[in-house]
Student: 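Pasting a structure here, questions to come.
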Amino acid sequence: MNFELTEIQSLIQNTVKEFAQSAVAPIAAEIDREHRFPAELLPQLAELNLLGVPYAEEVGGAGADHISYVIVIEELARVCASTAVIVSGHTSLGTWPIYQFGTEAQKEKYLKKLASGEFLGAFALTEPGAGTDAAAGLTTAVLEGDEWVLNGSKIFITNGGYADVYIVTAMTDPSQGTKGISAFIVEKDAPGFSVGEKEHKMGIKASSTTPLYFSNCRIPKDAIIGKPGQGFKIAMQTLDGGRIGIAAQALGIAEGALDAAVKYAKERVQFGKPIATKQAIQWMIADMATQIEAARLLVYQAAYNEENGLPYTKEAAMAKLFAAETASFVTNRAVQIHGGYGYTENYPVERAMRDAKITEIYEGTSEVQRMVIAGSVLR
Ligand code: CAA
């Protein structure tokens, strides 16, 4: 067993760290305050090959492994959780279904552009009445001649309004339950497709989260991914990988908050000494650091399993569950260590604490992760 990064993984880590510090950190607080999607970062991320990290070079990606991918998300999230989810939503959810299940023609048309960052991708499963119960969606797709006609709506779609391509699930045969759901590729300018207003969120404010509307939205017959009825499994498998990305995001948020808390504890003097000399602070730091190490092992193990063709449904759920709860715990403690200053926007831990919460909710709540883990352990 080897816990060291390879030369390539270290190189990618250094590259993304440098980019995160030079290009993302300086705007992170501002884009959060202004709820501004950082569109200017996308060409820079593409230039560094960070928008298709785990995909082969032949299809436009960086040709790196899944550990490298989680390192990229982790390092971005250390300074800006919004930027991290823009990349994770695009890579794991908006690109992977085409990479894994797309036809040659679909790969030719979309994959190169997505993996190279020319296109941004998004994934649309959730509906107003279908959150945790993902199979309860009401959006329908009916084949009419050479076209699928989609009707319905989606909510909480990451990268909504900025994506070029949306992976959309819709019911094609209501009598078949989950086996009546299919997955489609919808281009941003498909007739009958529109994007609603951005949500005003507690955190990850610079990422765009919107509803999508399908009103007799017409897409070509060959825009289906896989066969009719395979959409639910495609979505679940997509989320297995997506959850590793969100786990990496949570890990990065926690690491950024710990860094800030350590720095502050060493600088802040009370009772004549830095507060880092106080056992009350040291114990908080010890617990934070220990949970982060444990989270990192789970996240990297899940990525290792995906990379090596091993099962990773349970591992991804465990990584996301533990890393998300770690992010909430660590950011809460980081604010506590900062005292009153931590409750202001002048210190990054305030944003980190707000950003951490979503990692316990999206791509399956912590309760869903427990359902998946228990289902696997008890099977
Ligand atoms: N891989 C492959 N197949 C899977 C699977 C997986 N991980 N999980 C389920 N399936 C298959 C099952 O084997 C089953 O197939 P069979 O009928 O052939 O046996 C079928 O799918 C139905 O499975 P379940 O009966 O377990 O389905 P369910 O309706 O009970 O749902 C659930 C299970 C785990 C609760 C699922 O609905 C779920 O994951 N819900 C949460 C949804 C979610 O994560 N949404 C996130 C939205 S995306 C997002 O948040 C993105 C963003 O903004 C960044």
Side-chain angles (χ1 to χ4, degrees), residues 73 77 81-97 100-101 120-137 139 154-163 166-169 171 173 176-183 198-199 201-204 206-212 226-227 229-250 302 305-306 310-321 324 355 357-376 378-379:
I73 302 299
S82 292
T83 303
V85 75
I86 292 167
V87 177
S88 176
H90 158 80
T91 310
S92 294
L93 304 184
T95 305
W96 191 81
Q100 188 67 20
F101 303 103
L120 190 67
F123 174 80
L125 171 71
T126 304
E127 298 190 15
T132 287
D133 187 3
T139 298
K154 298 283 172 180
I155 49 163
F156 303 149
I157 306 309
T158 299
N159 293 339
Y162 294 90
Y166 296 81
I167 309 297
V168 177
T169 54
M171 186 60 87
D173 185 351
Q176 296 298 312
T178 56
K179 291 190 173 58
I181 296 171
S182 304
K198 279 188 194 178
E199 299 292 343
K201 308 188 294 291
M202 173 195 280
I204 56 160
S207 87
S208 173
T209 307
T210 71
L212 307 178
K227 294 195 173 66
Q230 289 182 341
F232 192 73
K233 282 199 180 177
I234 290 173
M236 290 298 113
Q237 285 178 249
T238 303
L239 283 166
D240 285 343
R243 288 167 184 165
I244 301 175
I246 299 306
Q249 181 201 26
N305 279 20
E306 182 172 9
L310 299 166
Y312 60 94
T313 299
K314 179 188 74 180
E315 289 72 13
M318 285 177 163
K320 180 176 179 293
L321 170 65
D355 288 345
K357 185 62 199 171
I358 191 60
T359 67
E360 294 181 274
I361 297 172
Y362 61 13
E363 298 205 30
T365 59
S366 289
E367 292 68 35
V368 163
Q369 308 314 320
R370 287 186 171 92
M371 284 163 70
V372 171
I373 296 162
S376 171
L378 294 168
R379 193 167 47 225

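For the single chain, residues carry numbers from 1 onward in sequence order. Predicted, not measured: the structure shown is a model, and the values here were computed from it. Every number for a ligand or one of its atoms is a count from 1 in the order of the listing.
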Student: Consider every N or O of R243 and every N or O of ligand 1, then say whether any pair is closer than 3.5 Å.
Tutor: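 Yes, there is a polar N/O contact under 3.5 Å.
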Student: Could you check whether any side-chain N or O of T91 sits under 3.5 Å from a backbone N or O of V87, counting only pairs where one atom can act as donor and the other as acceptor?
Tutor: yes
Student: Between T132 and ligand 1, which residue portion shows a heavy-atom distance shorter than 4.0 Å: side chain, backbone, both, or neither?
Tutor: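 Under 4.0 Å from ligand 1, T132 contributes backbone atoms alone.
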Student: Heavy atoms of the protein only: does one fall short of 4.0 Å from atom 40 (N) of ligand 1?
Tutor: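 Yes, there is one.
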Student: Which residue owns the protein heavy atom closest to atom 2 (C) of ligand 1, what's the atom, and how far is it?
Tutor: Q237 CG, 3.6 Å
Student: In ligand 1, which numbered atoms sit nearer than 4.0 Å to a non-hydrogen atom of T313?
Tutor: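 Near T313, the atoms of ligand 1 are 7 (N).
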Student: Show me which atoms of ligand 1 lie under 4.0 Å from any heavy atom of G131.
Tutor: 42 (C)
Student: Taking G242's backbone N and O only, do any of them form a donor-acceptor pair with K320's side chain (distance below 3.5 Å, no angle check)?
Tutor: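 Such a contact is absent between K320 side chain and G242 backbone.
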Student: Only heavy atoms count here, so choose which of K233, K320, Q369, M236 is nearest to atom 38 (C) of ligand 1.
Tutor: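 Heavy atom nearest to atom 38 (C) of ligand 1 belongs to M236.
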Student: Is there a donor-acceptor contact under 3.5 Å from the side chain of S208 to the main chain of G160?
Tutor: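 Yes: the side chain of S208 pairs with the backbone of G160.
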Student: As an exercise, identify every atom of ligand 1 less than 4.0 angstrom from a heavy atom of D240.
Tutor: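 In order of numbering, the contacting atoms are 1 (N), 6 (C), 7 (N).
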Student: Keeping D355 on the side-chain end and I204 on the backbone end, is there a donor-acceptor pair under 3.5 Å?
Tutor: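 Side chain of D355 to backbone of I204, a donor-acceptor pair under 3.5 Å: yes, one is there.
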Student: Quick one: does G364 get an N or O within less than 3.5 Å of an N or O on ligand 1?
Tutor: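 The answer is yes, given that G364 and ligand 1 share an N or O pair closer than 3.5 Å.
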Student: Need the ligand 1 atom indices (1-based, order shown) with element for anything under 4.0 Å from a heavy-atom of T126.
Tutor: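 Numbered from 1, ligand 1 contributes 47 (C).
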Student: For atom 24 (P) of ligand 1, decide whether some protein heavy-atom distance is shorter than 4.0 Å.
Tutor: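 No, because not a single protein heavy atom sits under 4.0 Å from atom 24 (P) of ligand 1.
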Student: Tell me whether T95 contacts the main-chain N or O of H90 through its side chain, where contact means a donor paired with an acceptor under 3.5 Å.
Tutor: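 Yes.
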Student: Of L239, V168, T158, I157, which is the lone residue that meets side-chain contact (heavy atoms from CB on, under 4.5 Å) with F123?
Tutor: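 Only match with F123 under side-chain contact (heavy atoms from CB on, under 4.5 Å): L239.
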Student: To the nearest 0.1 Å, how far is atom 50 (O) of ligand 1 from its closest protein heavy atom, and which atom is that?
Tutor: E363 N, 2.8 Å
Student: Could you find the nearest protein heavy atom to atom 16 (P) of ligand 1 and give me its residue, atom name and distance?
Tutor: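 Here the nearest protein heavy atom works out to K179 NZ, 3.3 Å.
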Student: Closer than 3.5 angstrom, by distance alone: can the side chain of Q369 be matched with the main-chain N or O of G364 as a donor-acceptor pair?
Tutor: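 Checking the backbone N and O of G364 against the side chain of Q369, a donor-acceptor pair under 3.5 Å is found.
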Student: Within the side chain of S182, is there an N or O that forms a donor-acceptor pair under 3.5 Å with the backbone of G229?
Tutor: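 Answer holds: yes.
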Student: Under 3.5 Å, is there a donor-acceptor pair linking the side chains of T178 and K233?
Tutor: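 There is no such pair (donor and acceptor under 3.5 Å, judged by atom type) between the side chains of T178 and K233.
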Student: Answer yes if a protein heavy atom lies under 4.0 Å from atom 33 (C) of ligand 1, otherwise answer no.
Tutor: no
Student: Can you confirm whether some protein heavy atom lies under 4.0 Å from atom 36 (C) of ligand 1, or whether none does?
Tutor: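 Flag for atom 36 (C) of ligand 1 set to true, protein heavy atom closer than 4.0 Å.
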Student: May I ask you to identify the nearest protein heavy atom to atom 31 (O) of ligand 1, giving residue, atom name and distance to one decimal place in Å?
Tutor: F232 CZ, 4.0 Å
Student: For the backbone of T313 and the side chain of D240, can you confirm whether one donor and one acceptor N or O come within less than 3.5 Å of each other?
Tutor: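 Here the side-chain-to-backbone pair does not exist.
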Student: Say whether, by atom type as modelled, one donor and one acceptor occur between the side chain of S376 and the main chain of V372 under 3.5 angstrom.
Tutor: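 Absent.
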Student: Within the 4.0 Å heavy-atom shell around M371, which atoms of ligand 1 are there?
Tutor: 35 (C)
Student: Is it true that the side chains of T139 and E127 contain a donor and an acceptor less than 3.5 Å apart?
Tutor: yes
Student: Which ligand 1 atoms are under 4.0 Å away from a heavy-atom of A134?
Tutor: 37 (O), 42 (C)
Student: Closest non-hydrogen protein atom to atom 52 (C) of ligand 1, residue and atom name please, with distance?
Tutor: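 Closest protein heavy atom to atom 52 (C) of ligand 1: T158 OG1, 3.3 Å.
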